[in-house]
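The next block holds one structure in the form of structure tokens; read it before the comments.
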Protein chains: 2
Amino acid sequence: MYAQCDVLYEGRAASTLETGNYLIIHKGDGSIQIQAGDKTMPRNYQGSGATLERREHILISRRKSETLTITIHKIHQIVYLPNWSVAEITIVRTEKDLVNKLFKNWIDYIDGDFEMVKTEFPTSLGPVDLAGIEVDDHHHLVEVKRGNISIQNISQLNRYVSAVRDAGKVVSGYIASPKIGCRARAYCESLGFRYLLLDF
Amino acid sequence: MYAQCDVLYEGRAASTLETGNYLIIHKGDGSIQIQAGDKTMPRNYQGSGATLERREHILISRRKSETLTITIHKIHQIVYLPNWSVAEITIVRTEKDLVNKLFKNWIDYIDGDFEMVKTEFPTSLGPVDLAGIEVDDHHHLVEVKRGNISIQNISQLNRYVSAVRDAGKVVSGYIASPKIGCRARAYCESLGFRYLLLDF
DNA sequence: TTATGGATTTCGTGG
DNA sequence: CCACGAAGTCCATAA
């Protein structure tokens with residue numbers, strides 16, 4: 001529906017959208033979004049499973065503890081979209097692809113006498129992407145990223161390494177990605193971790 | 001445009017969307033998105049500043065190193081939205097609101113003989129939300145979150161505290177938010193930080 | 001249902 | 001233009 005309307009949101013936060021002409025999209029899964037004339041993200045939205053109620057010229061979408069109230073002032077156009085597809089996209093070059101590449105070519109990247117290599121290796125502070133365990137129990141933990149490495153990513157690796165170290169293991173830490181900036185690189189080295197260039 | 005089409009994406013990653021009926025939204029800022037019949041997020045998209053080129057029944061949207069290729073098989077409907085508004089929403093209960101509340105009521109939350117309190121206090125590993133500096137140079141760093149505290153949030157605070165500590169200061173760390181889980185709480189205390197209940 | 005982390009995250013701000 | 005961090009992030013997955 002393309003309409004002149006205003007929108008109130010009340011839930012985790014609260015927001016108001018002034019009266020204007022917006023595109024309101026309501027889908028079969030209950031999700032609803034109010035799109036304005038620029039940017040990708042909707043101004044307001046409600047996720048799958050929301051329920052829509054109509055009271056005169058007011059639309060109310062509820063979901064858990066969140067409420068979206070759309071006051072319609074003038075309907076410009078209503079369009080129904082028959083047989084709207086719900087196919088998913090197939091995507092490549094994700095982080096998972098990089099993890100698999102490193103997993104299959106482990107010995108090309110990391111030296112050691114390995115007993116096993118695991119993905120999603122659990123630590124007390126969350127799972128690390130890859131872990132290689134040597135016969136002498138030396139742990140090699142690798143955190144993989146598909147994009148540029150940030151300081152936060154190094155921090156995340158540090159968390160996992162600390163967790164396993166606190167569990168009494170000898171640990172080496174690695175961050176692997178196609179790119180890293182000099183700031184993150186410096187932080188990486190200051191914590192004693194190694195950077196692995198890993199691309200698609 | 002509501003059309004039967006398929007979509008190819010090539011850029012940071014690459015994806016294919018099988019032929020189906022999708023809603024294609026092209027906005028005045030150049031952004032474009034392909035919406036399917038469920039979920040809030042578009043299946044494919046291109047941000048502001050993209051350029052759209054038409055070659056027969058193929059649409060090509062380019063932006064930096066990214067290309068979206070939409071092959072139109074059958075146009076079901078084309079709709080123009082005149083006077084589409086670009087108003088922004090006004091939102092409350094953001095992290096900024098919480099930071100301001102703590103800034104204005106600092107003494108109600110943190111004990112000490114403070115010389116100054118600053119927001120966005122710079123450290124060598126990024127800016128921390130709030131920093132109070134006592135007359136004896138003791139630094140109190142506070143990271144604020146609007147939602148539930150995660151282990152990552154504690155890790156972020158740890159990064160800032162470490163940075164200032166490495167600069168030779170005496171530092172206390174605090175995480176402030178309306179909510180915290182027991183796992184994050186335990187990690188917080190294990191690092192010697194304090195949790196501040198701070199809500200709207 | 002909650003928690004944890006990825007994402008073509010998007011978006012805003014500041015350097 | 002990059003770099004960094006918030007977001008009502010959304011979203012999938014595992015516990």
Side-chain angles (χ1 to χ4, degrees), chain A residues 7-15 31 33 38-48 63-68 88-89 91-99 120 122-123 125-129 143-153 155-156 159-160 179-184, chain B residues 7-15 17 31 33-34 38-48 50 61 63-68 88-89 91-99 120 122-123 125-129 143-153 155-156 159-160 179-184:
Chain A
V7 186
L8 291 177
Y9 158 72
E10 173 63 41
R12 279 169 288 188
S15 75
S31 68
Q33 51 186 296
D38 66 356
K39 299 175 192 168
T40 303
M41 294 282 286
R43 290 300 194 274
N44 286 104
Y45 50 87
Q46 203 74 278
S48 303
R63 183 178 182 264
K64 296 184 180 179
S65 63
E66 310 201 279
T67 308
L68 202 61
E88 299 292 336
I89 60 170
I91 196 164
V92 293
R93 286 189 230 158
T94 62
E95 181 183 294
K96 205 167 199 308
D97 295 328
L98 276 183
V99 169
E120 291 294 301
T123 81
L125 293 174
V128 66
D129 288 325
E143 186 61 25
V144 177
K145 296 294 163 190
R146 70 172 306 285
N148 201 18
I149 294 296
S150 70
I151 292 177
Q152 252 192 34
N153 300 143
S155 193
Q156 184 183 8
R159 185 153 50 90
Y160 298 141
K179 273 170 57 187
I180 189 169
C182 69
R183 212 160 147 69
Chain B
V7 186
L8 290 177
Y9 159 72
E10 173 62 42
R12 281 168 287 186
S15 74
L17 176 62
S31 67
Q33 50 186 298
I34 289 88
D38 65 358
K39 299 175 192 167
T40 302
M41 296 281 285
R43 290 300 194 273
N44 287 103
Y45 51 88
Q46 201 76 276
S48 302
S61 172
R63 181 177 182 267
K64 296 184 180 178
S65 63
E66 311 201 278
T67 307
L68 202 61
E88 299 291 338
I89 60 170
I91 196 164
V92 294
R93 287 188 229 159
T94 62
E95 180 182 293
K96 205 167 200 309
D97 295 327
L98 275 184
V99 169
E120 290 294 302
T123 80
L125 293 174
V128 66
D129 288 324
E143 186 63 25
V144 177
K145 296 295 163 189
R146 68 172 308 285
N148 201 17
I149 295 296
S150 70
I151 291 177
Q152 253 192 36
N153 299 143
S155 193
Q156 184 182 8
R159 184 153 51 90
Y160 300 141
K179 273 171 57 185
I180 189 169
C182 70
R183 211 160 146 69

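Sequence lines set the chain letters: A, B, ... in the order given, protein chains first and strands last, and positions in each chain run from 1.
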Classify B:Gln33 by what it touches in the nucleic acid, base, sugar-phosphate, or nothing, heavy-atom distance under 4.0 Å. nothing

Measure the distance from CZ on A:Arg146 to P on C:dT8 and round it to the nearest whole Å. 7 Å

Contact class for B:Thr40 vs. all strands (heavy atom < 4.0 Å): base, sugar-phosphate, or nothing? sugar-phosphate

Report yes if a side-chain nitrogen or oxygen of B:Arg63 is closer than 4.0 Å to either non-bridging phosphate oxygen (OP1 or OP2) of C:dT10; otherwise report no. no

Integer-rounded Å distance: C:dT8 C1' and B:Ile34 CD1: 12 Å

Categorize B:Gln46 for me: base, sugar-phosphate, or nothing, with a 4.0 angstrom heavy-atom threshold over every strand shown. nothing

Of A:Leu125 and B:Leu68, the one whose closest nucleotide on DNA chain C sits nearer the 5' end is A:Leu125

Please step through side chain to side chain donor-acceptor pair (under 3.5 Å) for the pair A:Ser155 and B:Ser155, ending with a clear verdict. CA-CA 7 Å; A:Ser155 193; B:Ser155 193; 3.2 Å; yes

Report the distance from atom CE of A:Met41 to atom P of D:dC11, rounded to the nearest whole Å. 9 Å

Atom NZ of B:Lys179 and atom CZ of B:Arg146: how far apart are they, to the nearest 0.5 Å? 10.5 Å

Which residue lies more 5' along DNA chain D, comparing A:Ser150 with A:Glu66 via nearest heavy atoms: A:Ser150

Counting any heavy atom closer than 4.0 Å, what does B:Leu98 reach on the DNA or RNA strands: base, sugar-phosphate only, or nothing? nothing

Residue whose nearest DNA chain D nucleotide is more 5′ - A:Gly181 or B:Asp129: A:Gly181

With sugar-phosphate meaning primed atoms plus P, OP1 and OP2, does B:Thr94 contact a base, only sugar-phosphate, or nothing at under 4.0 Å between heavy atoms? sugar-phosphate

Let me know the distance between CD1 of B:Ile151 and P of C:dT4, rounded to the nearest Å. 5 Å

May I have the distance from B:Lys179 (atom NZ) to C:dT4 (atom P), rounded to whole angstrom? 12 Å

Are any of B:Lys145's side-chain N or O atoms less than 4.0 Å away from OP1 or OP2 of D:dA6? yes

Distance check needed: D:dG5 P versus A:Gln152 CD, whole Å only. 6 Å

Any heavy-atom pair between the side chains of B:Arg159 and A:Ile151 that's under 4.5 Å? yes

Taken to the nearest whole Å, CD/A:Glu120 to C1'/C:dA3 is 14 Å

Is any side-chain nitrogen or oxygen of A:Tyr160 closer than 4.0 Å to OP1 or OP2 of C:dG5? yes

Short side-chain N/O contact to C:dA7 OP1/OP2 from A:Lys96, under 4.0 Å: no

For A:Lys64 and A:Ile89, find the nucleotide of DNA chain C closest to each by heavy atoms; which residue's nucleotide sits nearer the 5' end? A:Lys64

Counting the atoms with a prime plus P, OP1 and OP2 as sugar-phosphate, which does B:Arg43 contact under 4.0 Å by heavy atoms, base, sugar-phosphate, or nothing? base

Answer with base, sugar-phosphate or nothing: what part of the nucleic acid does B:Glu95 contact at a heavy-atom distance below 4.0 Å? sugar-phosphate

All heavy atoms of B:Arg43 vs all of B:Leu17, minimum pair found to be CB-CD2, 4.0 Å

Would you say B:Arg12 reaches C:dA7's phosphate, i.e. side-chain N/O to OP1/OP2 under 4.0 Å? no

Between A:Lys96 and A:Asp129, is the closest basic N to carboxylate O distance under 4.0 Å? no

Rounding to an integer number of angstrom, what distance separates D:dC10 and D:dA6 when you compare their C1' atoms? 14 Å

Would you indicate what B:Asn148 reaches in the nucleic acid, counting non-hydrogen atoms under 4.0 angstrom: base, sugar-phosphate, or nothing? sugar-phosphate

Using side-chain heavy atoms (C-beta onward) and a distance below 4.5 Å, is A:Met41 in contact with B:Gln33? no

Under 4.0 Å, counting only non-hydrogen atoms across every strand here, what does A:Arg183 touch: a base, just sugar-phosphate, or nothing? sugar-phosphate

Roughly, in whole Å, what's the span from NZ in B:Lys39 to C1' in D:dC11? 8 Å

Whether B:Gln156 contacts D:dC4 is assessed here as follows: a side-chain N or O lying under 4.0 Å from the phosphate OP1 or OP2. Is that the case? no

If the C1' atom of C:dG14 is compared with that of D:dG8, how far apart are they to the nearest Å? 25 Å

Residue A:Tyr45, side-chain atoms from C-beta onward, closest of C:dG5, C:dT8, D:dC10: D:dC10

Side chains of A:Asp38 and B:Ser48: does their closest heavy-atom pair fall under 4.5 Å? no

